[in-house]
Amino acid sequence: MKRSTAEIVREYGPFPGAERVNGVTYDGQHVWFASGDKLNAFDPSNGNVVRSIDVAAHAGTAFDGKYLYQIAEDRILKIDPKTGRVLASIPAPGKGADSGLAWAEGTLWVGEYRGRKIHQVDPDTGKILRTIESNRFVTGVTWVDGELWHATWEGDESDLRRIDPRSGEVLESVDMPPGAQVSGLESDGGDQFFCGGGKTGKVRAVRRPRKRSATKKRGSKTPRDSKNK
């Protein structure tokens with residue numbers, strides 16, 4: 001397993017009126033974060049909050065290219081970011097013990113914190129399609145370039161882990177500095193992760209480790225890309 005130390009590129013916040021940061025997502029222009037009773041969007045170029053939606057926002061947040069998804073206690077809400085309207089809701093697989101949330105391959109990927117699991121869920125019905133086991137408490141979840149990453153938080157320690165989406169095997173680990181716990185995780189689709197900072201009320205931008213160059217074997221298949229839009 002490859003192991004490294006996180007490079008924090010930038011810190012955003014604390015934000016006015018937001019005592020904590022729960023879920024985090026990125027719509028290609030703004031970073032959205034859940035703060036308990038609101039979803040907030042800020043401009044990552046300057047850190048200024050540009051929008052807020054009044055909605056229950058207790059854990060993970062995701063964006064499918066058009067709609068936002070937000071864990072609110074034991075439900076996952078589908079939200080129109082233009083109007084702030086809740087369009088639909090489905091049961092959350094952890095029944096209130098859910099954490100991270102991501103969108104990939106037309107499905108939702110939901111972390112179950114103390115259950116140490118990641119569930120792939122049908123976004124229309126809430127049906128669990130499959131479950132991946134972890135050996136640590138799961139917080140944020142994200143996909144980028146066909147890679148599944150999740151954050152952990154136990155005690156005062158957090159790391160970011162790239163795992164095999166079939167077996168759950170940890171392939172790579174990025175250790176966060178002491179005191180920099182991760183409550184939500186999202187890729188910007190490039191070389192950075194946005195990490196929710198829990199009770200600090202901050203969002204941290206962390207450098208994504210560079211992929212090792214590898215020569216494809218003749219006849220090998222390229223994995224289907226599964227990244228956030």
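Smallest separation of non-hydrogen atoms from Thr142 and Ser187: OG1-N, 3.1 Å. A pairwise comparison of heavy atoms in Thr152 and Ser158 identifies O-OG, 2.7 Å as the closest pair. Heavy atoms only, all atoms of each residue included: Gly94 and Glu112 are closest at CA-CD, 4.0 Å. Across all their heavy atoms, Ala72 and Leu77 have their closest contact at CB-CD1, 3.8 Å. Annotation for Pro44 and Gln29: closest pair CD-O, 3.3 Å, computed over non-hydrogen atoms. Nearest heavy atoms, Cys195 versus Val182: CB-CG1, 3.9 Å.
Remark: side-chain polar atoms of Tyr113 are paired, donor with acceptor, to backbone N or O of Trp153 under 3.5 angstrom. Using a distance-only test at 3.5 Å, with no hydrogens or angles considered, no donor-acceptor pair links the side chain of Thr107 to the main chain of Gln120. Side chain of Ser183 to main chain of Gly196: a donor-acceptor pair is present (N/O by atom type, distance under 3.5 Å, no hydrogens or angles). Formation of a donor-acceptor pair under 3.5 Å by the Asp145 side chain with backbone atoms of Glu147 is not found in this model. Formation of a donor-acceptor pair under 3.5 Å by the Arg3 side chain with backbone atoms of Asp175 is not found in this model. Checking side-chain atoms of His119 against main-chain N and O of Val110 turns up no donor-acceptor pair under 3.5 Å. Under the 3.5 Å distance criterion, the side-chain polar atoms of Gln181 are left unmatched by any main-chain donor or acceptor of Asp159. Using modelled atom types, no side-chain atom of Arg207 and backbone atom of Val9 make a donor-acceptor pair closer than 3.5 Å.
Ser99 contributes atom OG, which lies 9.5 Å from atom NE2 of His150 (distance to the nearest 0.5 angstrom). Considering NZ of Lys95 and CG of Asp74, their distance stands at 10.0 Å, rounded to 0.5 Å. Summarising the geometry, atom CD belonging to Glu133 is positioned 5.0 Å from atom NZ belonging to Lys117; distances are rounded to the nearest 0.5 Å. Taking OG from Ser173 and CD1 from Ile163, the interatomic distance works out to 12.0 Å, rounded to the nearest 0.5 Å. To the nearest 0.5 angstrom, Asn22 atom CG is 8.0 Å from His58 atom NE2. The OH atom of Tyr69 sits 13.0 Å away from the OG1 atom of Thr61 when rounded to the nearest 0.5 Å.
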Working note: Arg161 + Glu172, criterion side chain to side chain contact (heavy atoms under 4.5 Å, CB included); need CA distance, chi angles, decisive distance, verdict.
CA-CA 6 Å; Arg161 294 184 166 197; Glu172 185 171 0; over 6 Å; no
Please assess Val141 against Leu148 for the test side chain to side chain contact (heavy atoms under 4.5 Å, CB included), listing each intermediate value before the final yes or no.
CA-CA 8 Å; Val141 182; Leu148 175 58; 3.8 Å; yes
Phe193 vs Asp188, side chain to side chain contact (heavy atoms under 4.5 Å, CB included): CA-CA, chis, key distance, verdict:
CA-CA 6 Å; Phe193 291 116; Asp188 70 349; over 6 Å; no
Applying side chain to side chain contact (heavy atoms under 4.5 Å, CB included) to Trp149 and Val174, what does each step give before you reach the verdict?
CA-CA 10 Å; Trp149 289 78; Val174 180; 4.0 Å; yes
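Heavy-atom contacts from other residues, nucleotides or ligands closer than 6.0 Å to CD of Glu7 number more than 12. Counted within 6.0 Å of CG on Asn46, heavy atoms from surrounding residues, nucleotides or ligands total more than 12; the atom is thus considered enclosed. Counting heavy atoms of neighbouring residues, nucleotides and ligands inside a 6.0 Å radius, atom CZ of Arg85 does not exceed 12 of them. Remark: Glu11 CD is packed, more than 12 non-hydrogen atoms of other residues, nucleotides or ligands lying under 6.0 Å away.
Between Trp109 and Trp143, the ring-plane angle classifies as perpendicular under the 30° and 60° cut-offs. Ring orientation note: the planes of Phe194 and Tyr26 are tilted relative to one another, at an angle of 30° to 60°.
You'll find the side chain of Phe42 reaches within 4.5 Å of the side chain of Val203, heavy atoms only.
Ring centroid separation for the pair Phe33 and Phe15 comes in under the 6.0 Å cut-off. Between Phe63 and Trp32, the distance from one ring center to the other does not fall under 6.0 angstrom.
Residues passing the side chain to side chain donor-acceptor pair (under 3.5 Å) test with Glu154: none are found, sequence neighbours excluded.
Under the 4.0 Å criterion applied to side-chain N and carboxylate O atoms, Asp64 and Lys66 are not assigned as salt-bridge partners.
Residue Phe137 is not grouped with residue Ile118 when hydrophobic side chains (ILVMFWY) are merged at heavy-atom distances under 4.5 angstrom, including chains of intermediate members. Val138 and Leu129 fall into different hydrophobic clusters, defined by Ile, Leu, Val, Met, Phe, Trp and Tyr side-chain heavy atoms under 4.5 Å apart, directly or through other members. Taking hydrophobic clusters as Ile, Leu, Val, Met, Phe, Trp and Tyr residues chained together by side-chain heavy-atom distances below 4.5 Å, Leu171 does not share a cluster with Ile132.
For the residue pair Asn40 and Ser52, a side-chain donor N or O sits within less than 3.5 Å of a side-chain acceptor on the partner.
The side-chain contact (heavy atoms from CB on, under 4.5 Å) test with Leu101 singles out one residue from Val24, Thr25, Val121, Ile76, and that residue is Ile76.
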